[in-house]
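Remarks on the structure that follows.
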There are 2 protein chains.
Amino acid sequence: MTASVESVAEMAGVSVSTVSRALRDIPGVSSATRKRVQEAARELGYSASPAASRLATGRTRAVGIVVPVLAKWFFGKVIGEAAQTLREAGFDVLLFELATLAQRERFFGGAHLHGRTDGVIIIALQPTGDELELLASQGQAVALLGAEAPGIGSVSVDNAGAGQAAVRHLLNLGHERIAFIGIRDDDGSNLGGVPPLQRLMGYREALSTAGLPQDVTLEQFDENSVAGGALAMSRLLVSEHVPTAAFVASDEMAFGVLKVLRKAGLDVPRDFSVLGFDNHELGDVVDLTTMDHEVAEQGRDAARILLDVLDGRSPAAIVRPARLVVRETTAPPRALRLAAGTPDSSHSAGHPGTP
Amino acid sequence: MTASVESVAEMAGVSVSTVSRALRDIPGVSSATRKRVQEAARELGYSASPAASRLATGRTRAVGIVVPVLAKWFFGKVIGEAAQTLREAGFDVLLFELATLAQRERFFGGAHLHGRTDGVIIIALQPTGDELELLASQGQAVALLGAEAPGIGSVSVDNAGAGQAAVRHLLNLGHERIAFIGIRDDDGSNLGGVPPLQRLMGYREALSTAGLPQDVTLEQFDENSVAGGALAMSRLLVSEHVPTAAFVASDEMAFGVLKVLRKAGLDVPRDFSVLGFDNHELGDVVDLTTMDHEVAEQGRDAARILLDVLDGRSPAAIVRPARLVVRETTAPPRALRLAAGTPDSSHSAGHPGTP
DNA sequence: TGACCTGTTGCAAGCGCTTGCGGTGGCGGT
DNA sequence: ACCGCCACCGCAAGCGCTTGCAACAGGTCA
């Protein structure tokens with residue numbers, strides 16, 4: 001067992017209250033005794049019992065991070081950054097994974113956080129007003145990442161704008177039949193959430209300002225995974241009039257899309273352009289063109305926002321822009337290249353302009 | 001603020017001690033009053049203050065999970081599984097990321113965990129004897145994942161065996177010049193750790209039992225990332241006698257290897273076979289042949305082992321086997337195929353046996 | 001020289017639980 | 001009818017800190 005305040009007090013020849021004050025840099029202790037106390041504490045390897053000081057102060061110096069899933073690159077990244085910032089500020093970080101609806105209900109069902117954390121960062125989950133109230137009633141400071149709520153600090157991405165930008169890139173390349181592959185919110189556990197929806201809105205907006213017709217058969221939704229992307233793309237492949245490009249709401253789904261296209265013998269980007277979203281760490285491996293949104297920064301922002309709330313400062317609601325990262329999966333559609341007489345080295349049949 | 005024991009006691013018409021006992025299913029309370037107390041607690045939305053009960057019992061009902069990095073698939077996966085098991089057992093989970101050597105030293109430098117957790121799962125980090133002692137002196141139960149230590153519960157993979165198996169697969173395909181691409185432990189923070197070393201040992205063992213010469217130029221090490229894999233493979237490409245296959249110590253590095261090969265115009269697996277390690281979630285996207293080692297199960301095992309230690313049961317030291325997952329990046333070497341007259345549809349020149 | 005600060009320290013009352021122990025009451029056995 | 005036992009319950013003493021308040025110095029100012 002480790003030393004307690006009393007042993008330190010005894011060793012330094014002062015009272016426990018002085019020890020407490022000295023060790024926490026609270027005024028009212030002469031610098032001489034403070035030094036003496038610190039030395040004694042170090043010598044004894046003393047570190048205050050968190051349980052006791054929590055009980056006495058009512059503050060835990062711990063914060064929770066709530067995520068829908070852990071085993072995805074985005075969440076690992078974001079949590080890692082947030083946790084580091086939090087830890088530097090002297091906070092412990094508790095992890096809560098709300099993978100199923102049942103877990104979510106249980107989490108928000110009772111005073112789960114009460115006395116465990118001072119605040120919580122909620123990631124990629126849109127809390128209801130009731131849930132936010134419940135957290136507030138437990139005295140929890142709240143910061144949102146990938147969601148917004150009135151009066152609550154948050155950091156998110158301009159998903160609508162990013163969606164528009166992405167689609168505009170495809171339009172600018174000359175594509176006219178552009179599909180949207182999005183995330184389906186199947187079990188209500190909000191794995192999809194608001195951001196993907198906004199990406200869809202951006203897609204529609206871009207199409208309509210370009211004067212192109214809406215076509216619901218071009219919008220395909222599935223679970224946010226490689227397999228989901230593959231399924232959605234497969235559905236697109238059997239449509240009457242196959243699109244020439246797709247804006248995919250997540251890189252992981254885009255990976256599935258690429259896989260299906262490859263298996264179908266289609267050449268990317270000659271036959272089909274793919275534009276993802278996330279700038280996934282592994283996007284570079286398959287040369288995926290994508291929308292980057294500075295994931296690490298978002299994590300840090302969220303942590304800082306929470307610290308602001310904890311310090312009584314009024315929290316910001318940051319909206320970050322996304323930017324296009326051009327790699328190798330987008331290009332002008334084949335028809336355009338043919339019309340322009342561009343040399344085409346693929347396995348296509350007709351070579352107009354060739355003797 | 002939430003209700004306290006006293007309010008519940010008052011409501012149920014009993015003493016606080018009875019409330020405490022009733023709510024924790026401790027014998028010595030008639031089932032009638034127990035029910036009454038539980039009802040009162042529910043009605044008041046009561047949940048015991050963890051700080052107070054920690055202080056009183058000395059147990060925290062929280063465990064720490066220590067990882068070198070978070071933003072990697074393997075760690076996210078393993079943590080997710082472990083955390084879920086732990087949570088089901090009623091434990092909070094604290095996260096500690098030891099990304100740098102400095103962080104590691106700080107973590108093990110003081111009584112960092114004391115009073116915060118009852119135990120800790122250490123993942124992919126080989127603790128020294130001193131470090132283990134320090135944890136023990138803080139009353140921490142310990143479970144290791146991806147490492148072993150005498151007397152400590154652990155779960156790990158038979159890396160040496162898996163390495164041998166992997167190389168044997170390549171040998172069986174007919175390869176004779178097989179490279180090893182491993183993880184370099186550059187900054188001493190043990191990102192590589194013991195398991196990768198054992199994989200190397202397995203590689204060497206397999207080669208020597210096959211009667212093949214050791215060739216250190218075939219062993220390339222770099223950081224465990226796509227970029228690291230790419231660099232290592234690039235080094236192999238300039239060797240005097242380029243190998244025909246590589247066993248890569250992590251899938252992520254293997255992704256980098258594949259990328260370089262593709263960019264170099266080499267066909268996988270016709271010109272070069274690649275065999276990874278991890279069965280990374282995204283391995284399927286690039287059809288990577290790899291060694292699977294049931295990552296999720298390891299996470300669950302580690303959690304259960306820790307729970308065993310906490311319950312006073314003697315912990316197991318599980319060693320899991322790995323198994324080959326055959327996909328599309330391994331095949332017999334070109335020379336063999338040519339000799340056998342196998343039709344070869346690649347861009348190769350000679351087509352023996354063709355009219 | 002005495003009243004009055006100001007800066008430093010200690011006292012003691014909590015914070016909200018847990019738990020050993022002692023006190024009930026009802027019951028069966030003699 | 002008495003005794004002893006047992007099941008159930010409450011008392012109160014902590015657990016190891018924090019913090020308002022009082023106490024005590026050693027000045028300063030009149």
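Every chain is numbered from 1 and lettered A, B, ... according to where its sequence line falls, protein lines coming before strand lines.
In terms of the salt bridge (Lys or Arg N to Asp or Glu O under 4.0 Å) criterion, A:E297 has no residue partners (sequence neighbours excluded). Every residue meeting the side-chain contact (heavy atoms from CB on, under 4.5 Å) condition with B:V14, not counting sequence neighbours, appears here in chain and number order: B:A12, B:T18, B:V19, B:R36, B:V37. In this structure, the side-chain hydrogen bond (donor to acceptor under 3.5 Å, both in side chains) partners of A:Q140, at least two apart in sequence or on a different chain, are A:T117. Residues satisfying the salt bridge (Lys or Arg N to Asp or Glu O under 4.0 Å) test with A:R21, not counting sequence neighbours, are none.
Put simply, CG on B:L23 is 14 Å from P on D:dC9, counting in whole angstrom units. If you measure from atom CZ of A:R59 to atom C1' of D:dT19, you get 16 Å, rounded to the nearest angstrom. Going from atom CZ of B:R34 over to atom C1' of D:dC9 covers 12 Å, rounded to whole Å. When the P atom of D:dC15 is taken as reference, atom CZ of A:R54 falls 20 Å away, rounded to whole Å. Here the P atom of nucleotide D:dG16 and the CG atom of A:L44 are 15 Å apart, to the nearest Å.
Shortest non-hydrogen contact noted between B:A147 and B:Q126 is CB-OE1, 3.2 Å. Closest heavy-atom contact between A:V29 and A:A22: CG2-N, 4.1 Å.
Side-chain contact check for A:R24 and A:S20: at least one donor-acceptor pair (N or O, by modelled atom type) lies under 3.5 Å.
Residue whose closest nucleotide on DNA chain D sits further toward the 5' end, between B:L55 and B:S15: B:S15.
Here the side chain of A:E97 pairs no donor or acceptor atom with the backbone of A:V67 at under 3.5 angstrom.
The overall bend of the helix from C:dT1-D:dA30 to C:dT30-D:dA1, read as the angle between its terminal helix axes built from five base pairs each, is 50° when rounded to 10 degrees.
Between A:S30 and C:dT9 there is a side-chain polar atom (N or O) within less than 4.0 angstrom of OP1 or OP2.
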Identify each atom pair where a protein N or O and an N or O of nucleotides 17-19 of chain C are less than 3.5 Å apart, giving names and distance.
residue, atom, partner, partner atom, Å
C:dC17, OP1, B:Y46, OH, 3.2
C:dC17, OP2, B:V5, N, 2.9
C:dC17, O5', B:Y46, OH, 3.1
C:dT18, OP1, B:R24, NE, 3.3
C:dT18, OP2, B:S20, OG, 2.3
C:dT19, OP2, B:R24, NH1, 3.4
C:dT19, OP2, B:R24, NH2, 3.4

